[in-house]
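Report on one structure; see the data block that follows.
Each chain gets a letter, A, B and so on, in the order the sequences are listed, and its residues count up from 1. All values reported here derive from a predicted model rather than from experimental measurement.
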Amino acid sequence: MHVVPQLLVSTILLGGIYALIAVGLTLIFGVMRVVNFAHGEFLMLGMYLAFWAFALLHLDPYVTLVVSLPLIFGLGWLSYRAVMRPVIHASHNVQIFTTVGLSIALQNVALVLWSADSQFVRTGYYTVVVRMGSAVLNLAQLIAFAVAVLTTAALFAFLRWSYTGKLMRATAQDRAVASLMGIDTGRVFALTWAVGITCVGVAGVLLAPIYPVYPTVGLQFVLIAFVAVVLGGLGDMAGALIASLIVAAVEVIGSYVIGTAWKEVLYLLLFIGILVVRPAGLFGQRGAEAIGT
Amino acid sequence: MKGTWPAVAFFAIAALWPVVVRDPFLLDSLVLILLWGSTAAAWNVAGGYAGQVSLGHAAFFGLGAYSAALLGTKWGLSPWIGLLVGAVLATGFGILLGFLSNRLRGPYFALATIAFSQVLLIVASRWRGFTSGSEGIPVPFRPGFWTLGITDKRIWVAIVLVLAIGLYLVELYLERSRRGFQLAAVREDEDAALSLGVPALWLKVAAIAASAALTAVAGALWAQYVGFVDPLYVFSVDLSVRFALAAILGGIGTALGPFLGAALILLLETYLRARFGGIGAGLVGIYLIIYGTALVLMMRFAPQGIVPWVGERFRRRPAAGSAS
């Protein structure tokens with residue numbers, strides 16, 4: 001039973017990072033009703049940002065965060081204006097393939113600019129290990145977890161108490177009524193998209209010291225985020241948080257029991273199972289998936 | 001048959017092409033256009049006519065490719081039998097997917113199909129004992145029609161042309177038959193269709209199963225034509241997107257659209273290869289940047305695709321004449 005604390009700690013650390021990716025995805029879906037298939041590519045861009053800042057300027061990824069945060073936000077805003085705004089009221093299919101197109105384009109911009117090779121951010125503390133009781137954990141993972149939790153908490157507070165956050169929630173509930181109440185829903189959508197992208201971009205910067213970065217790195221993480229988001233109920237922020245922990249637990253315990261080679265199958269089967277049994281997710285509203293809103 | 005003359009012209013050109021053209025490169029291009037057009041047309045049966053937009057159709061393509069390759073290498077069976085086995089397997093999975101995802105619409109269905117194809121990707125690339133893992137399977141070349149060991153590309157054109165015409169006829173059936181109209185009714189408003197006594201579930205499952213089986217057939221032929229099956233390619237999301245893109249580009253829910261879309265994509269690919277020269281990550285990247293950007297632009301300016309877009313312009317002329 002000596003492995004239990006280790007599994008628990010690993011689950012929580014991994015879950016925290018997954019949550020930051022999933023929260024952005026679910027926020028965008030909740031307010032805009034768009035499933036962002038390009039979400040993973042913004043994670044990839046965040047990772048490359050950290051990598052290049054480290055390789056060229058010798059900046060620590062966590063220092064980069066100060067600069068990269070507004071940069072990613074700007075990128076998010078720009079991508080909304082250029083790509084998403086024209087299709088915001090279009091059908092699901094149009095939106096799906098717009099984000100798929102964006103995903104393909106971004107992936108290959110990275111491929112052309114930075115090649116398909118895996119790049120690593122080897123910080124001085126790469127091998128530093130922290131001991132907590134009988135559990136051992138990587139320092140970079142611990143920092144990533146802490147920042148992820150802080151960011152998620154800040155986002156929650158922003159949505160709960162700030163005026164802009166209230167506008168976003170009102171738009172999520174009923175965009176037509178929100179519009180009638182004088183809310184500029186176009187601006188809300190732009191802001192939502194940019195905030196969601198910022199979350200996943202920050203997650204990318206935080207992941208850079210832990211995982212290698214390459215142009216298609218987004219796919220494996222975004223699949224996990226999709227699982228978490230659907231499990232928690234598309235558009236449900238708190239649900240995404242809890243579901244991220246569940247997915248992390250499945251992954252960590254699964255790797256321990258049946259080996260790392262098959263762990264993806266586990267959460268994908270969990271995903272298909274959820275979609276079949278309760279597509280609205282654990283906490284989502286029943287029937288949302290059938291309306292397809 | 002009214003309105004089918006563009007298709008008749010298209011397939012007539014395809015049939016006469018090998019008689020006139022001897023250049024292996026141009027013949028190869030035609031085989032690929034017909035093959036990718038067929039996969040897009042098969043996708044269109046579920047994605048266009050039934051409105052179930054899948055981003056995991058590579059799963060069925062891979063099932064077909066693996067069935068043909070594995071039955072051939074392990075037991076020396078003919079790829080035609082592999083093709084049949086693949087089609088049966090895909091039908092089974094298609095029925096399962098159709099039932100399981102009956103309640104899912106729009107993005108939810110797309111997500112479920114992605115997950116499904118990823119599961120098959122992992123199984124194919126990790127189950128080393130059976131599939132030889134991520135190295136893939138080289139398909140042995142055994143001369144003869146029964147073993148599909150054919151070097152003459154003109155015969156390949158004939159084979160895929162039969163598949164393509166078959167798919168076109170399936171789509172024509174969906175456009176003109178009672179079942180097809182019922183399916184369109186389900187796509188547009190399922191509740192209304194149900195209230196009129198249309199068997200919505202049955203029709204959707206049948207459409208997805210047929211679409212899956214036809215994709216598997218194309219996959220099996222592709223494996224024999226190319227001679228190598230790579231799990232990371234045949235089960236990839238990129239490939240699923242490719243099927244969908246050709247159908248969307250040509251016109252989602254139109255019979256000839258997928259073939260025109262496939263032809264356009266191949267033209268673009270060939271042009272860029274000639275323009276930038278060589279084969280490398282850079283070239284593939286530039287090609288895919290254009291491909292992705294084109295998809296975004298199309299969704300914005302002509303989401304209905306080429307065939308309906310052209311159709312509108314053709315129809316407008318006589319209408320304007322009769323009004324004046």
### Query
Under a 4.5 Å heavy-atom cut-off, does chain B meet the side chain of A:Val94, its backbone, both or neither?
both
### Message
Checking B:Glu269 against B:Tyr291: is there a side-chain donor and acceptor pair closer than 3.5 Å?
### Response
no
### Message
Does any backbone or side-chain atom of B:Val119 lie under 4.5 Å from a heavy atom of chain A? Answer side chain, backbone, both or neither.
### Response
both
### Query
Quick one: of A:Val109, A:Val34, A:Leu219, who has the most non-hydrogen atom pairs under 4.5 Å with chain B?
A:Val109
### Query
So which part of A:Val230 gets closer than 4.5 Å to some heavy atom of chain B, the side chain, the backbone, both or neither?
side chain
## Note on the structure
Taking every heavy atom of A:Leu241 against every heavy atom of A:Ala19, the minimum-distance pair comes out as CD1-CB, 3.5 Å
### Proximal component of A:Ala38, with respect to chain B [non-hydrogen, under 4.5 Å]
neither
### Query
Would B:Trp43 and B:Phe60 satisfy ring-ring contact (aromatic ring centres under 6.0 Å, His included), going step by step from the backbone distance to the final call?
CA-CA 10 Å; B:Trp43 180 90; B:Phe60 305 120; over 10 Å; no
### Query
Can you find a side-chain donor-acceptor pair between A:Ser103 and A:Glu41 that sits under 3.5 Å?
yes
### Task
Heavy atoms only, distances under 4.5 angstrom: which of A:Val87, A:Thr99, A:Ile272, A:Val35 has the most pairs with chain B? Name it, please.
A:Ile272
### Side chain, backbone, both or neither of B:Leu121 within contact of chain A (heavy atoms, under 4.5 Å)
neither
### Heavy-atom closest pair, residues B:Ile208 and B:Gly98
CD1-CA, 3.8 Å
### Query
Which bit of B:Leu55 comes within less than 4.5 Å of chain A, counting heavy atoms only: side chain, backbone, both or neither?
side chain
### Message
Can you confirm whether B:Tyr233 is buried at OH, in the sense that more than 12 heavy atoms of other residues, nucleotides or ligands lie under 6.0 Å from that atom?
### Response
yes
### Query
Do the side chains of B:Glu171 and B:Pro258 get nearer than 4.5 Å, heavy atoms only?
yes
### Query
Under a 4.5 Å heavy-atom cut-off, does chain B meet the side chain of A:Val265, its backbone, both or neither?
both
### Query
Which atoms of A:Tyr267 come close to chain B, meaning under 4.5 Å heavy atom to heavy atom: side chain ones, backbone ones, both, or neither?
neither
### Task
Name the region of B:Ile248, side chain, backbone, both or neither, that has any atom closer than 4.5 Å to a heavy atom of chain A.
side chain
### Task
Heavy-atom pairs under 4.5 Å with chain A are the metric here; pick the option from B:Val123, B:Leu111, B:Val53 that has the most.
B:Leu111
### Task
Side chain from CB out, backbone as N, CA, C, O: work out which of these in A:Phe97 comes under 4.5 Å of a heavy atom of chain B, or both, or neither.
both
#### Entry: Heavy-atom contact with chain B under 4.5 Å, split by part of A:Leu106
neither
### Query
In terms of side-chain heavy atoms, does B:Thr39 have a donor or acceptor partner in B:His57 at a distance below 3.5 Å?
no
### Message
With a sphere of 6.0 Å drawn around CZ of B:Phe228, does it hold more than 12 non-hydrogen atoms of other residues, nucleotides or ligands?
### Response
yes
